[in-house]
K.L.:
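My structure is below; once you've seen it, I'll send some questions.
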Amino acid sequence: MGIVNVTPDSFSDGGKFNRTDKAIAHAMQLVEEGADILDIGGESTRPGATPVPLEEELKRVLPVIEGLLQAGVPLSIDTYKPEVMRAAIDAGVDMVNDVRALQEAHALEVVARSQVGVCLMHMQGLPQTMQLDPQYGDVVLEVTEFLSARLQLIEMAGISRDRILLDPGFGFGKRTAHNLTLLNHLSSLQSLGLPLLVGLSRKSVLGQVVGLNVDERLHASIAASVLSVIKGANIVRVHDVKPTVDALKVVSAVMHH
Ligand code: YH5
């Protein structure tokens, strides 16, 4: 899964067409590099990031979705807002990637009334404050129990299991040690019986391990993707598609022998 951020960048004048065209061009490059899914997001969920108003998020993601419908790969919308889910589903996306696991009011019904897939992610707290003092007794158990509870509720709302993916939510209300424990024990989440999605690309936990800034974490990110797949991940959400695909081709070749 290739990450397509549709957020303002410091290199353009902020013009809307400029931003849309750049995001579409970047996404097309990720497909050429081997991405099987594109994850389109218009609001940063990084710790402390400022929230984006609904109308602005729609203006960012909808033109990019429309431009990528012909790209030949499934599209995912990275949002927790039900209005953005609804508009993106109407526009033709195949999947909702929700860091709040459909806990926002009406998110569950919007997805239930559609046929799209959904990724349910674990987060402790909310993005503005989640990294201040995350605490767990047993992080693997607590993440598993949260996802299991959401899964049960979401199935009861009429979303069948074959539409659902689970994600432990690396970096979302977790200290370095929590993230490392979760990755080491990722295979225990396979007991929930659903495909697993993992997002570790360029994240702080990797920066903590190697002591490097966010733009210097490629090699650590590749190691994290390789480990994730060996430990049971079915989808890895990454910025750097080509090097990740090469690394995972080796993993895949070896694991089939
Ligand atoms: C995820 O794990 N993550 S947005 C901080 C970084 C680098 C990257 C400090 N959406 C996930 O990618 N969706 C995000 O450097 C996600 N799983 C799913 N399903 C955060 C992010 C990032 C944050």
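One-based numbering, in listed order, for ligands and for the atoms of each.
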K.L.:
Starting from atom 4 (S) of ligand 1, which protein heavy atom do you reach first, and at what distance in Å?
P.N.:
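Looking only at protein heavy atoms, the one closest to atom 4 (S) of ligand 1 is Thr45 OG1, 3.1 Å.
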K.L.:
Give the atom numbers and elements of ligand 1 that come within less than 4.0 Å of a heavy atom of Met121.
P.N.:
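Close to Met121: 1 (C), 17 (N), 18 (C).
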K.L.:
Between His122, Glu43, Arg237, which one has a non-hydrogen atom sitting closest to atom 10 (N) of ligand 1?
P.N.:
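Among His122, Glu43, Arg237, the closest heavy atom to atom 10 (N) of ligand 1 comes from Arg237.
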K.L.:
Taking NZ, NE, NH1 and NH2 as the nitrogens, is one of them in Asp78 or Arg237 under 4.0 Å from a carboxylate oxygen of the other?
P.N.:
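A salt bridge links Asp78 with Arg237.
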K.L.:
Can you confirm whether Val6 sits close enough to Lys22 that some side-chain heavy atom of one is under 4.5 Å from a side-chain heavy atom of the other?
P.N.:
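When only atoms from C-beta onward are counted, Lys22 and Val6 do not touch, as no gap falls below 4.5 Å.
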K.L.:
How far is atom 13 (N) of ligand 1 from its nearest protein heavy atom, and which residue and atom is that?
P.N.:
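Answer for atom 13 (N) of ligand 1: Asn97 ND2, 3.1 Å.
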K.L.:
I need the atoms of ligand 1 closer than 4.0 Å to a non-hydrogen atom of Ser204, numbered in the order shown.
P.N.:
9 (C)
K.L.:
Going by the atom numbers of ligand 1, which of them fall below 4.0 Å from some non-hydrogen atom of Val214?
P.N.:
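Ligand 1 atoms under the 4.0 Å threshold to Val214: 15 (O).
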K.L.:
Contact between ligand 1 and Ser201 is defined here as a heavy atom of the residue under 4.0 Å from a ligand atom; is it met?
P.N.:
yes
K.L.:
Starting from atom 18 (C) of ligand 1, which protein heavy atom do you reach first, and at what distance in Å?
P.N.:
Asp167 OD2, 3.1 Å
K.L.:
Say whether Gly171 and ligand 1 are in contact under the criterion: heavy-atom distance to a ligand atom below 4.0 Å.
P.N.:
no
K.L.:
What's the shortest distance from atom 22 (C) of ligand 1 to any protein heavy atom, and which residue and atom give it?
P.N.:
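Result: Lys203 CE, 3.7 Å.
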K.L.:
Contact between Met1 and Leu38 at the side-chain level, heavy atoms closer than 4.5 Å - yes or no?
P.N.:
no
K.L.:
Can you list the ligand 1 atoms lying under 4.0 Å from a non-hydrogen atom of Gly199?
P.N.:
2 (O)
K.L.:
Please list the nearest protein heavy atom to atom 15 (O) of ligand 1 with its residue and the distance rounded to 0.1 Å.
P.N.:
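Result for atom 15 (O) of ligand 1: Arg202 O, 3.3 Å.
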K.L.:
More than 12 heavy atoms of other residues, nucleotides or ligands under 6.0 Å from CG of Asp246: is that the case?
P.N.:
yes
K.L.:
Examine distances only and state if a side-chain atom of Glu216 and a backbone atom of Asn213 form a donor-acceptor pair shorter than 3.5 Å.
P.N.:
yes
K.L.:
Is any NZ, NE, NH1 or NH2 atom of the basic residue among Glu55 and Lys59 found under 4.0 Å from an Asp or Glu carboxylate oxygen of the other?
P.N.:
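Salt bridge flag = no for Lys59 with Glu55.
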K.L.:
Got a sec, which pairs hit ring-ring contact (aromatic ring centres under 6.0 Å, His included) with one end in residues 93-141, sequence neighbours left out?
P.N.:
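Qualifying pairs, neighbours excluded: His122-Phe146, Tyr136-His178.
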K.L.:
Counting from 1, what ligand 1 atoms have a heavy atom of Asp78 closer than 4.0 Å?
P.N.:
10 (N)
K.L.:
Among all protein heavy atoms in this structure, tell me which lies nearest to atom 5 (C) of ligand 1, with the distance rounded to 0.1 Å.
P.N.:
Arg46 CG, 3.6 Å
K.L.:
In ligand 1, which numbered atoms sit nearer than 4.0 Å to a non-hydrogen atom of Leu197?
P.N.:
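In order of numbering, the contacting atoms are 19 (N).
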K.L.:
I'd like to check Leu196 versus Leu165 (side-chain heavy atoms, cut-off strictly below 4.5 Å). Are they in contact?
P.N.:
no
K.L.:
Can you name the one residue among Glu104, Glu57, Arg100 that meets side-chain hydrogen bond (donor to acceptor under 3.5 Å, both in side chains) with Thr79?
P.N.:
Glu57
K.L.:
Taking side-chain hydrogen bond (donor to acceptor under 3.5 Å, both in side chains) as the test, write out the residues that go with Gln103, two or more places apart.
P.N.:
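None.
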